[in-house]
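First listed ligand is number 1; within each ligand, the first listed atom is number 1. Values below: every heavy atom of this structure, side chains too, minus hydrogens, waters and symmetry copies. No experiment lies behind these values; they were computed from the predicted model shown.
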Amino acid sequence: GKVRAPTHIISTISDDRGEEPCYAGVPMSSIVEQGLGVGDVISLLWFKRSLPRYCTKFIEICIMLCADHGPCVSGAHNSIVTARAGKDLVSSLVSGLLTIGPRFGGAIDDAARYFKDAYDGGLTPYEFVESMKKKGIRVPGIGHRIKRGDNRDKRVELLQRFARSNFPSVKYMEYAVQVETYTLSKANNLVMNVDGAIGSLFLDLLAGSGMFTKQEVDEIVEIGYLNGLFVLARSIGLIGHTFDQKRLKQPLYRHPWEDVLYTK
Ligand code: ACO
Ligand code: LMR
């Protein structure tokens, strides 16, 4: 019989061997003809399925809201300094992207993991927050450098408002809101941040849409797909900051001595 030559790569998300590339089996022409958007393309290439419109719209809102947050945040600062050092677009972009992590923009997966474990495990918000404190772990998705109880993050409000009127269930989000109520009773800086909003709401999207098995939800949370949303979104802003610096012909950046405490 026929013997299949062994392959060195397995790929399941896209195929370019036919007349046109397909994303998860859907030909590109069909994506364009149906008027689909970037949320649909993410659904196909990341989740390997078409998702209902409210889900793809939610993904698109996440991308739009996280695209930029001004020049002062870690990522934009790095991209600006790199662009001003005369480096190219890709170097400036990745220099900014490399700041995304547990403190900045990359807390979405951990927020989803911890909120899911706490909610599914039946912990009250008080028990959850206090157990994290005992372990010496900051609650991912809670806390912000400039946002406060009396100056909330508008992005969080916009995401929650969309989900409340479009998602079949927002139980994880409501749990995260209760966690925030408790953390805010401890300190005014412990608001829900955009990572916490996306992390908890994506749990609701995964669990409530009926499009994923329980096992698939667990796998997505365990592998950690969700920081990808911030990485993708913020690339838009970091590219913008790079172009901005080049357009403005900004010189090499050097941090002022006055802003450094030189000490022994
Ligand atoms: N859980 C518990 N306690 C917290 C948390 C938290 N998530 N965040 C801050 N605190 C406490 C700190 O322990 C500190 O208390 P202490 O002075 O008694 O030690 C106090 O609040 C002040 O903390 P700071 O370190 O001054 O807060 P900072 O402004 O430096 O940190 C940060 C902001 C990094 C976002 C922090 O809140 C945090 O680590 N949050 C969890 C990670 C996270 O969600 N990151 C995403 C932020 S959103 C974004 O980047 C797009
Ligand atoms: C962001 O989206 O970059 C911000 O939430 C972070 C910040 O420190 O403002």
For R155, the atoms of ligand 2 under 4.0 Å from one of its heavy atoms are 1 (C), 2 (O), 4 (C), 5 (O)

Within the 4.0 Å heavy-atom cut-off, what R103 brings close to ligand 2 is neither

Return the residue, atom name and 0.1 Å-rounded distance of the protein heavy atom closest to [atom].
atom: atom 41 (C) of ligand 1; value: I142 O, 3.3 Å
atom: atom 47 (C) of ligand 1; value: N193 ND2, 3.3 Å
atom: atom 3 (O) of ligand 2; value: R234 NH1, 2.9 Å
atom: atom 42 (C) of ligand 1; value: P102 O, 3.2 Å
atom: atom 22 (C) of ligand 1; value: N189 ND2, 3.4 Å
atom: atom 37 (O) of ligand 1; value: G143 CA, 3.3 Å

Less than 4.0 Å from [atom], is there any heavy atom belonging to the protein?
atom: atom 26 (O) of ligand 1; answer: no
atom: atom 44 (O) of ligand 1; answer: yes
atom: atom 39 (O) of ligand 1; answer: yes
atom: atom 1 (N) of ligand 1; answer: yes

Out of [options], whose heavy atom is nearest to [atom]?
atom: atom 30 (O) of ligand 1; options: R103, H69, R145, K133; answer: R145
atom: atom 6 (C) of ligand 1; options: T99, D153, V129, V139; answer: V139
atom: atom 32 (C) of ligand 1; options: R234, R155, K186, R138; answer: R138

Once the angle between the rings of Y225 and F47 is folded into 0 to 90°, is it parallel (under 30°), tilted (30 to 60°) or perpendicular (over 60°)? parallel

Aromatic ring pairing F162/F58, orientation class (parallel under 30°, perpendicular over 60°, tilted between): parallel

Distance (rounded to the nearest 0.5 Å) between L65 CG and I198 CD1: 7.5 Å

Nearest-0.5 Å distance, CG of residue D153 to CD of residue Q160: 10.0 Å

Salt bridge (Lys or Arg N to Asp or Glu O under 4.0 Å) between K186 and E130, intermediate numbers included: CA-CA 11 Å; K186 292 166 77 89; E130 292 304 324; 2.8 Å; yes

Evaluate side-chain hydrogen bond (donor to acceptor under 3.5 Å, both in side chains) for S30 paired with Q34, printing each intermediate quantity in order. CA-CA 6 Å; S30 154; Q34 289 180 71; 2.8 Å; yes

Nitrogen or oxygen atoms of H144 and ligand 2 under 3.5 Å apart: yes

Does any N or O atom in H69 lie less than 3.5 angstrom from one in ligand 2, N or O only? yes

Can I239 be reached from V94 by stepping across I, L, V, M, F, W or Y side chains whose heavy atoms are under 4.5 Å apart? no

Record the part of L190 in heavy-atom contact with ligand 1 below 4.0 Å; permitted values are side chain, backbone, both and neither. side chain

Proximity to ligand 1 by part of V73, non-hydrogen separation under 4.0 Å: neither

Taking the six-membered ring where the residue is Trp, are the ring centres of Y172 and F202 under 6.0 Å apart? no

Result of checking T82, N78, L97, L89 against L238 for side chain to side chain contact (heavy atoms under 4.5 Å, CB included): L97

Given L205, which of C55, P168, P52 fulfils the side chain to side chain contact (heavy atoms under 4.5 Å, CB included) condition? C55

Within-cut-off N or O pair, G105 and ligand 1, under 3.5 Å: yes

If I apply the N/O under 3.5 Å rule, does F104 come out as touching ligand 1? no

Distance only, no hydrogens: is a donor on one side chain within 3.5 Å (strictly under) of an acceptor on the other, for D40 and S43? no

Less than 3.5 Å apart, any donor N or O on the side chain of T12 or K48 sitting next to an acceptor on the other? yes

Test item, A187 contacting ligand 1 (heavy atom, 4.0 angstrom): no

